[in-house]
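What follows is a single structure, written as structure tokens, with notes after it.
Quick note: numbers below take in every heavy atom, side chains included, and nothing from hydrogens, waters or symmetry partners.
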Number of protein chains: 2
Amino acid sequence: MVATIKDVAKEAKVSIATVSHVLNHTRYVSPELVERVNSAIEKLNYYPNMLVGGLRSKQTYSIGLVLPSISNETFGKLAETIQKLLLIENYNLIVCNTSNDYDLEISALNTLIMKSVDAIIIIPSTHNAEKIVEVQNRGIPVILVDRDIEDLDASRVKVDYKKATYNAVNYLIDNGHTEIGYIDRAKELSHSMEQRDGYLSALKDANIEINPKNYIRCEGYDYLDGVNAIQQLIKKNPMLSAVLAYYDVIALGAIRGAVDAGYSVPDDLSVIGCDNMPFTSALVPRLTTINFPIEEISKAVIDLVMMALNNSKEKKNIIVDGKLIVRDSVTKPRVSNRGL
Amino acid sequence: MVATIKDVAKEAKVSIATVSHVLNHTRYVSPELVERVNSAIEKLNYYPNMLVGGLRSKQTYSIGLVLPSISNETFGKLAETIQKLLLIENYNLIVCNTSNDYDLEISALNTLIMKSVDAIIIIPSTHNAEKIVEVQNRGIPVILVDRDIEDLDASRVKVDYKKATYNAVNYLIDNGHTEIGYIDRAKELSHSMEQRDGYLSALKDANIEINPKNYIRCEGYDYLDGVNAIQQLIKKNPMLSAVLAYYDVIALGAIRGAVDAGYSVPDDLSVIGCDNMPFTSALVPRLTTINFPIEEISKAVIDLVMMALNNSKEKKNIIVDGKLIVRDSVTKPRVSNRGL
DNA sequence: ATGAAAGCGCTAACAG
DNA sequence: CTGTTAGCGCTTTCAT
């Protein structure tokens with residue numbers, strides 16, 4: 001039915017070894033034979049089966065990508081960028097969603113093991129390194145992205161969230177804000193700790209007292225969670241003049257919630273988001289946000305993957321900057337509370 | 001290094017056939033042997049290699065998904081939903097982006113052939129059926145989603161865009177609008193034609209004269225393209241009181257562009273989008289938009305894939321509704337132009 | 001410079 | 001009820 005290497009060999013009147021070598025440029029073949037093989041391939045419409053390559057304990061040219069969700073625009077874009085770069089190197093991507101669920105993460109990892117992927121890129125959903133270590137022990141290199149797992153001997157690419165958040169809060173302080181809220185994620189992940197760290201350090205360095213009423217944790221990733229969070233925050237501290245959200249969609253919800261509560265944004269409430277998602281620059285007001293440098297991260301990931309694929313045992317830590325994108329959602333507070 | 005079926009057989013002191021049958025429940029094996037095999041599997045941490053199954057010309061349990069982009073939130077969500085449903089049936093998804101480019105689509109299809117996928121789900125980027133027919137001829141079933149290719153003998157899942165757009169325009173007419181703009185995509189795809197058809201039919205059925213000044217084609221998928229489009233449209237026809245955009249992000253841009261031009265939305269300009277992307281319900285004003293029923297489409301796709309995988313030669317056409325989600329971005333025009 | 005043939009890990013037909 | 005064995009399509013040694 002579908003042509004195999006045997007058919008090509010027969011058609012070209014050569015051995016299958018010759019066909020294989022023509023396909024892979026893996027030893028000298030005389031021009032005439034190359035020509036005959038290529039015609040046969042074309043005539044029979046032959047495509048080599050990539051899976052068997054993997055059988056001979058070689059590469060499968062598949063890379064696994066495990067992440068919480070690709071329907072999140074940021075992660076979707078990341079997946080797409082990584083895929084495009086990988087394609088250049090002739091690798092394919094098998095994407096697995098975990099929905100931030102550890103069991104799903106394990107089953108994703110198991111699937112990728114069974115699919116004999118050459119490497120796994122993962123945005124982990126927990127701190128649990130056990131399964132990842134098992135994967136590594138099978139000889140599959142693992143690259144960690146965006147979120148960290150301590151004590152794991154793996155290459156990583158991360159955003160310097162502490163610095164990014166520190167800068168963002170500082171920007172609010174420079175604008176005269178002192179009652180600065182922070183909407184944090186409910187789940188305790190490495191980057192949340194870093195971000196919180198940046199928030200607290202910035203306040204501390206500016207000698208602003210830390211007010212627990214300005215801090216809230218937010219359950220989900222839907223804008224309604226942001227609506228809810230900001231309204232609670234406002235209730236707890238009516239003096240609140242600025243707020244930082246861990247995710248642009250939450251910031252969007254915060255704006256919506258503030259508007260619904262009769263606030264004007266940014267005049268009554270300045271808002272900063274995180275991720276620089278495409279829609280943020282179109283909002284009214286345009287959202288000031290922390291950039292998530294997708295291209296830079298993707299390139300770094302590819303570098304690390306290729307390094308691992310070249311059997312380098314070396315591990316590398318790449319840190320990228322999350323710059324503040326200044327737009328229109330931050331102004332000076334109506335009445336400066338500084339010193340009150 | 002990594003355990004194979006042989007190692008398991010040796011460890012369990014049975015034949016590899018028995019191990020295989022225990023793994024696949026494909027013939028009776030006595031409880032004692034099952035027990036021994038399972039212990040051996042656990043002890044050796046054995047995972048079957050899914051790729052070899054495909055070698056024996058069986059299934060690979062991989063399905064290909066070819067679409068323009070997963071960083072588009074709608075397609076990303078679609079990919080994720082399809083993947084989740086497929087996972088229940090024990091299939092994995094290999095996602096390929098085409099960026100609406102035919103050459104990339106071809107190379108994606110070639111890759112999927114070489115990866116021996118069991119079926120291909122595709123949102124095509126052209127009307128060209130040639131490569132798809134080749135794929136089918138290799139025995140790989142193809143399911144078309146969202147966009148159509150005429151004269152192709154394949155199963156399909158589509159939104160009734162004509163009806164959806166007809167309804168949306170009718171809703172504007174019912175609200176008293178007569179100068180209704182339409183921002184169309186530049187690329188001529190099946191669904192654009194259907195949408196334009198719906199737009200024109202609705203106007204015609206309401207005896208509203210078709211005004212070419214109300215129609216514009218828009219190059220890209222960025223919100224700035226929407227900004228640009230609406231500003232041109234306003235310039236061409238200052239009487240414009242409502243506009244329909246082919247994509248929520250373009251609608252977002254249209255709002256932004258209208259606001260920048262001194263319009264108030266919806267008071268001066270009513271706007272309807274398309275896709276019901278998550279951010280639309282958080283916008284100020286909340287966007288009225290045509291729903292893209294992701295769950296329903298995904299389920300239909302899975303049904304068709306499973307049907308094809310069961311060797312059914314039957315082809316099926318599934319049409320789903322794109323309902324109008326009424327929110328706050330449409331009002332009656334300030335001054336009704338009806339009859340002017 | 002090319003071919004023959006041994007496997008890669010597994011399934012399934014065949015044997016007992 | 002279980003084991004033996006012939007391949008699946010290809011890569012790679014070994015031989016020529």
Side-chain angles (χ1 to χ4, degrees), chain A residues 1-38 40-41 44-62 90 110 113-118 138-140, chain B residues 1-38 40-41 44-62 90 111 113-118 138-140:
Chain A
M1 198 191 91
V2 169
T4 72
I5 198 171
K6 245 187 197 160
D7 304 315
V8 175
K10 192 183 290 177
E11 173 73 28
K13 296 186 210 305
V14 297
S15 71
I16 57 170
T18 299
V19 177
S20 174
H21 285 121
V22 169
L23 284 169
N24 303 301
H25 309 284
T26 164
R27 85 177 178 197
Y28 179 88
V29 178
S30 69
E32 306 105 281
L33 291 204
V34 171
E35 175 51 29
R36 292 219 308 263
V37 169
N38 283 330
I41 286 173
L44 299 177
N45 206 6
Y46 167 74
Y47 289 85
N49 181 337
M50 295 182 80
L51 303 185
V52 269
L55 229 197
R56 299 278 307 168
S57 81
K58 280 234 325 156
Q59 298 186 67
T60 57
Y61 288 95
S62 291
N90 251 299
N110 281 337
I113 288 174
M114 296 193 285
K115 293 258 173 189
S116 308
V117 293
D118 296 336
R138 300 184 82 87
I140 305 175
Chain B
M1 196 192 91
V2 169
T4 74
I5 198 170
K6 247 187 196 161
D7 304 314
V8 175
K10 191 183 290 177
E11 173 73 27
K13 298 187 208 307
V14 298
S15 70
I16 57 169
T18 298
V19 177
S20 173
H21 286 120
V22 169
L23 284 169
N24 304 299
H25 307 285
T26 164
R27 86 177 177 196
Y28 180 88
V29 179
S30 70
E32 305 106 282
L33 291 203
V34 171
E35 176 51 30
R36 293 218 309 263
V37 169
N38 282 330
I41 286 174
L44 299 177
N45 207 5
Y46 166 74
Y47 289 86
N49 181 336
M50 294 181 81
L51 303 184
V52 269
L55 229 197
R56 299 278 309 168
S57 81
K58 280 234 324 155
Q59 298 186 66
T60 57
Y61 287 94
S62 291
N90 253 299
T111 300
I113 288 174
M114 295 193 285
K115 293 259 173 189
S116 307
V117 293
D118 296 334
R138 299 184 83 86
I140 304 175

Among C/dC10, D/dT11, D/dT2, which is the nearest nucleotide to the side chain of A/Ser20? D/dT11
Stepwise side-chain contact (heavy atoms from CB on, under 4.5 Å) test for A/Leu55 and B/Val52: CA-CA 7 Å; A/Leu55 229 197; B/Val52 269; 3.3 Å; yes
Separation of atom NZ in A/Lys115 from atom C1' in C/dG9, rounded to whole Å: 16 Å
Are any protein N/O atoms closer than 3.5 Å to N/O atoms in nucleotides 14-16 of chain D? If there are, list each pair with its distance.
none

Any side-chain donor-acceptor pair under 3.5 Å between B/Tyr47 and A/Asn110? yes
Closest of C/dA12, D/dT2, D/dT11 to the B/His21 side chain is C/dA12
Once side chain to side chain contact (heavy atoms under 4.5 Å, CB included) is applied, do any residues pair with B/Lys13, and if so which ones, sequence neighbours excluded? B/Arg36
Gap between atoms CZ and C1', on A/Arg36 and C/dG3 respectively (whole Å): 13 Å
Between D/dG9 atom C1' and A/Leu23 atom CG, what is the distance in whole Å? 12 Å
Grab the CG-C1' distance between A/Asp7 and D/dC10 for me, whole Å please. 13 Å
Looking only at the side chain of A/Tyr46 (C-beta and beyond, no hydrogens), which of the listed nucleotides C/dC8, D/dC10, C/dT11 gets closest? D/dC10
Looking only at side-chain atoms of B/Ile5, point me to the closest of D/dT2, C/dC10, C/dT2. C/dC10
So what does B/Leu33 touch, heavy atoms closer than 4.0 Å: a base, only the sugar-phosphate, or nothing? sugar-phosphate
Nearest 0.5 Å please: distance from the NE2 atom of A/His21 over to the CD1 atom of A/Ile16. 10.5 Å
Rounded to whole Å, CG of B/Leu51 lies from P of C/dG7 at a distance of 22 Å
Among C/dA5, D/dT2, C/dT2, find the nucleotide with the atom closest to the side chain of A/Ala17. C/dA5
Where the side chain of B/Ser15 is defined as all heavy atoms beyond and including C-beta, which of C/dG9, C/dA1, D/dG3 is the nearest nucleotide? D/dG3
side-chain contact (heavy atoms from CB on, under 4.5 Å) for B/Val37 and B/Val29? Distances and angles first, verdict last. CA-CA 10 Å; B/Val37 169; B/Val29 179; 5.9 Å; no
Integer-rounded Å distance: C/dG9 C1' and A/Ile113 CD1: 16 Å
Rounded interatomic separation in angstrom, taking NE2 from A/His25 and C1' from D/dT11: 15 Å
Base, sugar-phosphate, or nothing for B/Val14, non-hydrogen atoms under 4.0 angstrom? sugar-phosphate
Is the distance from OP1 or OP2 of C/dC8 to the nearest side-chain N or O of B/Asn49 less than 4.0 Å? no
Looking at D/dG9, D/dT11, D/dG3, which one has an atom nearest to any side-chain atom of B/Leu55? D/dG9
Round to the nearest Å and state the distance from B/Gln59 atom CD to C/dA12 atom C1'. 16 Å
Please tell me which of B/Ser30 and A/Val2 maps to the more 5' nucleotide of DNA chain D, matching each residue to the nucleotide holding its nearest heavy atom. B/Ser30
Compare side-chain N and O positions of A/Tyr47 against OP1 and OP2 of D/dC10 and report whether any pair is under 4.0 Å apart. no
Given C/dG3, D/dC8, D/dT2, identify the nucleotide with an atom nearest to the side chain of A/Lys6. D/dC8
When the nearest nucleotide of DNA chain C is assigned to A/Glu32 and to A/Ile16 on a heavy-atom basis, which residue is associated with the more 5' position? A/Glu32
Evaluate the criterion side-chain contact (heavy atoms from CB on, under 4.5 Å) for residue pair B/Val22 and B/Asn38; output intermediate values, then yes/no. CA-CA 8 Å; B/Val22 169; B/Asn38 282 330; 4.0 Å; yes
Tell me which one of A/Thr18, A/Leu23, A/Val19 satisfies side chain to side chain contact (heavy atoms under 4.5 Å, CB included) with A/Val8. A/Val19
Output the single nucleotide from C/dT2, C/dC10, D/dC10 whose closest atom is nearest the side chain of A/Val29. C/dT2
Minimal heavy-atom distance between A/Arg27 and A/Ala17, with the atoms involved, is NH2-CB, 4.5 Å
